[in-house]
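A short write-up of the structure that comes next.
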Amino acid sequence: MRQTELEVSAPQIPGLDPKSSDATHVAGEIMKVRFTDIDTGFSILRVRRDGGDVVTVQGRGDAVVVGGRISAEGKWVVDPKWGRQFKAKFIQAEIPETPDGIVRYLANAVDGIGRKTAERIVAKYGTQTAQVLESPTMIAAADVPDQKAKAIADHWKLRTRYGRLLSMLYAHDIGPGFARRIIDVYGDGTMQVIQTNPYKLIEDVRGIGFKTADQIALSQSMPREAPERARAGLLSQVQQYQRSGHCATPANTLIAETSDLLMVKERLLRAELDRLIHEGRLVEDTIAGQPVLFDKRMRDCEIEVAERIVTLARPATLDPGADIDGAIGRAAAALGLALHEDQHRAVALAIRNQTAVITGGPGMGKTSVLRTFLNALDELAGQSVPAATSKAIEKALAAPTGRAAKRMAEATGLGARTLHRLLEFSNAPGHRGFTRNADNPLQVGCVVIDEGSMMDLFLIRDVLRALPEGCRLVIVGDADQLPSVGAGNVLADLIASGVVPTGRLTKTFRQKEGSAIATAARMINQATVPEMTAPSRSSDLWGVFEEDPKEVVRKTVKLVTELLPKVGWEPMRDVQVLTPGNNNDCGTHNLNLLLQQALNPRRDGERWIEHRNREFRVRDRIIQMSNNYDDDVFNGDLGVIVDIDMVDGHETVLIDFDGNRVTYQRSELDQISHAYAMSIHRSQGGEYPVVIVVMTTQHYIMLRRNLIYTGVTRARSLCCIIGQARAVQIAVKTDGSKRLTGLAERIAGLGLSAPYLQSVPTASSATDDDGGLPTEVF
């Protein structure tokens with residue numbers, strides 16, 4: 001109970017009927033819906049009870065509609081602001097049976113279904129409507145599109161067949177979305193799973209974690225020492241390490257951390273850990289001599305990637321007389337480029353080898369290297385074996401995110417796709433995954449991947465599986481940036497292995513000579529805090545420091561709305577605020593709220609829509625948070641809301657993603673978030689004219705060198721670091737690149753035994769003319 005709420009007993013509210021005050025059950029007709037959220041199932045209702053009085057009922061439960069009837073168990077409370085209310089454990093809506101009741105119910109309870117659609121169904125089936133609503137085929141026969149027919153049937157089945165189960169799941173704070181997923185997996189067997197071993201939910205239902213499953217288990221009196229709980233706790237800790245980017249778990253800490261999580265003795269956990277190892281779920285191994293435990297799937301993935309990489313790490317098959325340097329020179333001249341010697345060597349490296357990595361910081365000419373390589377490769381195609389004089393080598397350009405792919409396409413003038421689009425991801429039921437694989441490889445001769453630091457272990461595995469025999473692979477990226485969100489440190493591990501031919505670019509070209517941004521990037525990588533100036537037209541790196549986080553927030557808003565416009569920057573177009581995390585004063589949630597209020601307040605006559613305590617308005621800057629293959633919009637894409645409308649009785653949001661206009665229903669708004677401020681992780685692959693990097697100890701655990709480096713290097717023309725000086729110091733001095741992975745060690749070990757790699761020179765002995773082996777490895 002909230003501290004601001006008081007439970008009601010008869011003496012506290014003079015004049016109330018004692019029986020009314022003490023009642024733990026309310027039933028009646030809904031007179032008004034004050035608030036409802038179809039995603040969480042939470043509603044606040046005014047209900048006329050069967051006894052005649054009107055009361056306020058709040059809680060989670062079924063979809064509700066004015067005129068419908070509900071019943072609920074719970075207790076009476078007094079809210080200081082809203083007064084006396086009935087706080088329900090679960091609000092159960094009576095399923096309507098009359099034609100008019102069904103029309104009202106469908107039009108309000110099923111997202112995307114308006115009154116006209118509901119009326120068509122009732123017009124066709126009349127009093128038999130309730131009997132046909134579990135059949136998509138029967139619904140579709142009433143001139144209802146197949147997708148809507150299925151949505152209606154699924155919803156009706158859920159409410160009629162699984163009402164009791166829903167009330168139990170809601171009581172455990174499992175909302176309608178997760179409840180539907182659970183029932184989709186287990187069907188009529190859901191209750192048995194919930195009652196016997198709710199930890200199965202973790203493995204079988206996407207999005208259900210240990211905390212939720214454990215809450216359900218303990219609420220049903222499962223002993224804390226139960227073997228099922230110990231097993232689930234151990235696996236949960238292993239997964240927690242993977243969510244932090246690690247591929248393995250230190251064996252000597254897993255038991256101790258799980259013991260703290262479950263509050264059970266280590267002896268019990270050791271016995272269950274032995275069983276998991278015996279079953280093969282966890283595998284014992286070492287990394288740099290340290291005992292670790294792998295999830296078997298993760299270890300198998302590391303081994304597969306290492307084997308495939310070593311197979312690729314060989315010289316390309318070229319005509320012995322191929323004029324590589326001449327082709328590079330002619331390609332660069334045709335593009336109007338004058339290559340630095342590092343760039344020339346990097347292009348030659350990529351041409352001479354079947355696989356290569358090109359790495360360097362922002363503005364160091366990676367794009368120029370890539371463009372030159374692609375052109376030179378076409379010229380040399382006729383000199384390759386077998387000859388391909390009739391046409392250029394078929395190439396595929398891709399990046400991990402839509403934003404990065406778009407930048408790649410703009411920079412090269414060639415088409416580029418997301419890796420998911422390149423590998424042709426399928427979301428079909430029962431066939432979720434990439435359709436391009438070892439059995440159905442890509443039909444190309446060269447694959448180039450940009451922003452390679454963003455690839456996790458499983459993604460690079462899937463790319464390698466899809467490469468046809470003889471295909472080249474070139475990975476471009478900045479190894480000093482943040483690693484992938486998923487497990488692994490792929491780009492850094494490929495380089496560190498010493499086996500993959502790697503060229504590092506060292507000279508900065510993007511910013512003007514003397515740019516403080518470029519200098520800052522180098523200094524941060526050397527663990528040195530860069531020099532910053534107060535806001536000034538004469539510098540492109542500003543520093544604004546305050547100890548109070550609330551003052552940091554206030555000045556951030558002032559920078560965006562007042563100072564930067566004075567020096568010629570347009571906040572809605574040019575400025576991006578970046579911060580380590582989402583929560584606290586300096587997190588994305590609060591900054592987005594304040595920046596939205598300052599830059600895009602409500603306007604009279606314009607629609608707005610509220611979702612999960614956020615308001616979406618026309619002109620809001622938006623970021624896509626997940627891949628949407630049907631609408632060709634992907635995780636990280638930025639857009640602007642251009643319209644909010646009411647369609648068929650339901651609110652819709654129209655967003656423009658650089659000419660691709662996508663319509664969202666209310667139930668789809670979890671796919672988007674505001675983008676006035678975004679996390680530094682989310683900014684990877686992007687570049688902005690002006691970047692404001694917020695650094696405070698509110699996000700202490702995230703303050704790492706590669707984090708602040710990534711934030712600063714997103715800026716094209718101006719960067720302002722704002723926050724606490726000590727937070728900047730902590731970030732710069734803290735190495736954030738270390739992840740517990742075994743990939744580099746595995747590649748190095750396999751490389752030593754590969755006949756074609758036994759003579760690979762070390763970094764100190766590498767030369768410019770090495771017959772196709774690495775020219776620079778670090």
Open item on the list: I'd like to know if the side chain of Gln596 and the backbone of Glu615 have a donor-acceptor N/O pair within less than 3.5 Å.
Closed with: yes

TODO: Mind listing the closest non-hydrogen atom pair of Leu703 and Ala727 along with its distance?
DONE: CD1-O, 3.8 Å

Task: Lys/Arg-Asp/Glu bridge criterion (N-O < 4.0 Å) met for Glu279, Arg275 - done: no

TODO: For Arg407 and Gly685, indicate whether the former's side chain and the latter's backbone hold a donor-acceptor pair under 3.5 Å.
DONE: yes

TODO: Look at the side chain of Ser259 and the backbone N and O of Ile255, then say whether any donor-acceptor pair between them is shorter than 3.5 Å.
DONE: no

Task: Partner residues of Asn437 under the side-chain contact (heavy atoms from CB on, under 4.5 Å) criterion, sequence neighbours left out - done: Asp439, Asn440

Task: With Glu745 via side-chain contact (heavy atoms from CB on, under 4.5 Å) - residues at least two apart - done: Ile287, Ala288

Task: Evaluation steps, side-chain contact (heavy atoms from CB on, under 4.5 Å), between Ser453 and Asp478 - done: CA-CA 6 Å; Ser453 64; Asp478 185 348; 5.5 Å; no

- [ ] Using salt bridge (Lys or Arg N to Asp or Glu O under 4.0 Å) as the criterion, point out the one residue from Asp300, Asp493, Asp285 that pairs with Arg746.
- [x] Asp285

TODO: Evaluate the side-chain contact (heavy atoms from CB on, under 4.5 Å) criterion for residues Val653 and His611: first the C-alpha distance (whole Å), next the side-chain angles of each, then the deciding distance (0.1 Å), finally the verdict.
DONE: CA-CA 12 Å; Val653 177; His611 178 72; over 6 Å; no

Task: For Ala404, all residues meeting side-chain contact (heavy atoms from CB on, under 4.5 Å), sequence neighbours excluded - done: Ala399, Thr401, Glu451

TODO: Working to the nearest 0.5 Å, report the span between CG of Leu459 and CD1 of Ile449.
DONE: 7.5 Å

TODO: Could you tell me whether the side chain of Lys366 and the main chain of Gly360 form a donor-acceptor pair under 3.5 Å?
DONE: yes

Open item on the list: For the backbone of Ala675 and the side chain of Gln576, can you confirm whether one donor and one acceptor N or O come within less than 3.5 Å of each other?
Closed with: yes

TODO: Can you sort out the partners of Arg682 under side-chain hydrogen bond (donor to acceptor under 3.5 Å, both in side chains), two or more places apart, ordered by chain and number?
DONE: Asn635

- [ ] Determine whether Asp450 and Leu397 make a side-chain contact, defined as any pair of heavy atoms from C-beta on separated by less than 4.5 Å.
- [x] no

Task: Interatomic distance, Leu593 atom CG to Arg614 atom CZ [nearest 0.5 angstrom] - done: 11.5 Å

TODO: For the pair Thr435 (side chain) and Glu424 (backbone), establish whether a donor and an acceptor sit closer than 3.5 Å, ignoring hydrogens and angles.
DONE: yes

Task: Pairs involving residues 237-285, ordered by first then second residue, that meet ring pair (Phe, Tyr, Trp, His ring centres under 6.0 Å) (sequence neighbours left out) - done: Tyr241-His246

Task: 4.5 Å side-chain heavy-atom contact, Ile460 and Ile475 - done: yes

Task: Distance, nearest 0.5 Å, that separates CD of Gln724 from SG of Cys586 - done: 7.5 Å

Open item on the list: Suppose we screen for side-chain hydrogen bond (donor to acceptor under 3.5 Å, both in side chains). Which residues come up paired with Arg403, at least two apart in sequence or across chains?
Closed with: none

Task: Partner set under ring pair (Phe, Tyr, Trp, His ring centres under 6.0 Å) for Phe634, not counting sequence neighbours - done: Tyr629

Open item on the list: Given 3.5 Å as the limit, does a donor-acceptor pair link the side chain of Arg705 with the main chain of Val732, or not?
Closed with: yes

- [ ] Would you kindly say whether Gln684 and Thr710 are connected by a side-chain donor-acceptor distance under 3.5 Å?
- [x] no

- [ ] Decide yes or no on side-chain contact (heavy atoms from CB on, under 4.5 Å) for Leu595 and Arg621, but give the supporting numbers first.
- [x] CA-CA 10 Å; Leu595 288 168; Arg621 288 173 55 179; over 6 Å; no

- [ ] Enumerate the residue pairs fulfilling side chain to side chain donor-acceptor pair (under 3.5 Å) with a member in residues 220-230, sequence neighbours excluded, ordered by first and then second residue.
- [x] Asp214-Arg229

- [ ] Report yes if the side chains of Leu293 and Glu284 come closer than 4.5 Å at any heavy-atom pair, otherwise no.
- [x] yes

Open item on the list: Quick check on side-chain contact (heavy atoms from CB on, under 4.5 Å): which of Asn613, Asn582, Asn584 does His589 satisfy it with?
Closed with: Asn582

Task: Ala405 versus Ala416, closest heavy-atom pair with distance - done: O-CB, 3.4 Å

Task: Exercise: identify the closest heavy-atom pair between Asn489 and Thr741 - done: N-CG2, 4.0 Å

- [ ] Using a 4.5 Å cut-off on heavy atoms from C-beta on, say whether the side chain of Val485 contacts that of Asp456.
- [x] no

Task: Exam field: side chain Asn592 to backbone Tyr676, donor-acceptor pair closer than 3.5 Å - done: yes

Task: Close side-chain approach of Met702 and Ile680, heavy atoms under 4.5 Å - done: no

Open item on the list: Show the nearest heavy-atom pair for residues Ala748 and Val499, with the distance to one decimal.
Closed with: CA-CG2, 4.0 Å

Task: Heavy-atom closest contact (His699 atom, Asn583 atom, distance) - done: NE2-O, 3.0 Å

Task: salt bridge (charged side-chain N to carboxylate O under 4.0 Å, His left out) contacts touching residues 254-267 (sequence neighbours left out) - done: Glu266-Arg270

Open item on the list: Applying side-chain contact (heavy atoms from CB on, under 4.5 Å), can you list everything that pairs with Thr190, at least two apart in sequence or on another chain?
Closed with: Leu165, Ile182, Ile183, Tyr186, Ile194

- [ ] Measure across Asp295 and Leu282 and return the closest heavy-atom pair with its distance rounded to 0.1 Å.
- [x] CA-CD2, 4.0 Å

Task: Between CZ on residue Phe425 and CG on residue Asp462, distance to nearest 0.5 Å - done: 10.0 Å

Task: From Leu442 atom CG to Leu423 atom CG, the distance as rounded to the nearest 0.5 Å - done: 6.0 Å

- [ ] Decide yes or no for Val500 and Ile495: does some side-chain heavy atom of the first lie under 4.5 Å from some side-chain heavy atom of the second?
- [x] no

Open item on the list: Quick one, Tyr709 and Pro362 - any side-chain contact, counting heavy atoms below 4.5 Å?
Closed with: yes

TODO: With sequence neighbours excluded, give me every salt bridge (charged side-chain N to carboxylate O under 4.0 Å, His left out) pair touching residues 233-245.
DONE: none

Task: Donor-acceptor contact present, side-chain Ser219 to main-chain Ile216, <3.5 Å - done: yes

Open item on the list: Between Phe657 and Gln624, is there a side-chain heavy-atom distance shorter than 4.5 Å?
Closed with: yes

Open item on the list: Going by ring pair (Phe, Tyr, Trp, His ring centres under 6.0 Å), name the residues that satisfy it together with Phe616, two or more places apart in sequence or in a different chain.
Closed with: His674

TODO: Just do the side-chain contact (heavy atoms from CB on, under 4.5 Å) check on His681 and Leu707 with the steps written out, would you?
DONE: CA-CA 8 Å; His681 279 85; Leu707 182 91; 4.0 Å; yes

Open item on the list: Working to the nearest 0.5 angstrom, can you tell me the gap between Phe294 CZ and Cys301 SG?
Closed with: 10.5 Å

- [ ] Give a yes or no on whether the backbone of Leu473 and the side-chain of Thr355 come within a donor-acceptor separation of less than 3.5 Å.
- [x] yes

